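Residues take their numbers from the sequence shown, with the count starting at 1. This is a predicted model, so every value here is computed, not measured. These values consider heavy atoms only, across backbone and side chains, with no hydrogens, waters or symmetry-generated copies. All ligand and atom numbering here is 1-based and tracks the order in the structure.
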Amino acid sequence: MSDETVVRLDQVRCRSYGICVSILPDVFDLPTDAKSAILLRHEVDPDDVEDLREAVRACPAQAILQGSGPT
Ligand code: SF4
């Protein structure tokens, strides 16, 4: 597993803007009654690494993290 395909979401930071869902709808979802986005998967396809970078940059709440980070 390549580290940069790992996606994490800080649901406390998330403010439900939904930008991530528009970029990667098969990874992020924003259920109608949810207080935050949710992850449908914890890893993206290698082809989607650039889109994940874009989602990290685009999230106004800086709630998306790429890579496994410190354990
Ligand atoms: S773009 Fe950021 S703040 Fe908006 S729903 Fe996605 S994770 Fe949450």
- Query: With sequence neighbours left out, which residue pairs that include part of residues 14-33 fulfil the salt bridge (charged side-chain N to carboxylate O under 4.0 Å, His left out) condition?
  - Reply: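 Residue pairs with at least one partner in residues 14-33: Asp26-Arg41.
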- Task: Using the salt bridge (charged side-chain N to carboxylate O under 4.0 Å, His left out) rule, collect all pairs that involve residues 49-58, keeping only residues at least two apart or in two chains.
- Result: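 Qualifying pairs: Glu4-Arg53, Glu50-Arg53, Glu50-Arg57, Glu54-Arg57.
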- Query: Apart from Leu40 itself, what residues make up its hydrophobic cluster, given side-chain heavy atom links below 4.5 Å?
  - Reply: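 Other cluster members: Ile38.
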- Task: Check whether Val21 and Val27 end up in the same hydrophobic cluster, where Ile, Leu, Val, Met, Phe, Trp and Tyr are linked by side-chain heavy atoms less than 4.5 Å apart.
- Result: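 Looking at the clustering, Val27 is in the same group as Val21.
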- Message: I'd like to verify the contacts: list protein N, O or S atoms under a distance of 2.8 Å from atom 8 (Fe) of ligand 1.
- Response: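 Listed by chain and number, the atoms are Cys14 SG.
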- Query: What's the shortest heavy-atom distance between Cys14 and Ala63, and which atoms?
  - Reply: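 Shortest heavy-atom separation between Cys14 and Ala63 comes out as N-CB, 3.7 Å.
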- Message: If you apply the rule side chain to side chain contact (heavy atoms under 4.5 Å, CB included), what do you find for Leu24 with Asp48, and how did you get there?
- Response: CA-CA 8 Å; Leu24 281 170; Asp48 289 336; 4.0 Å; yes
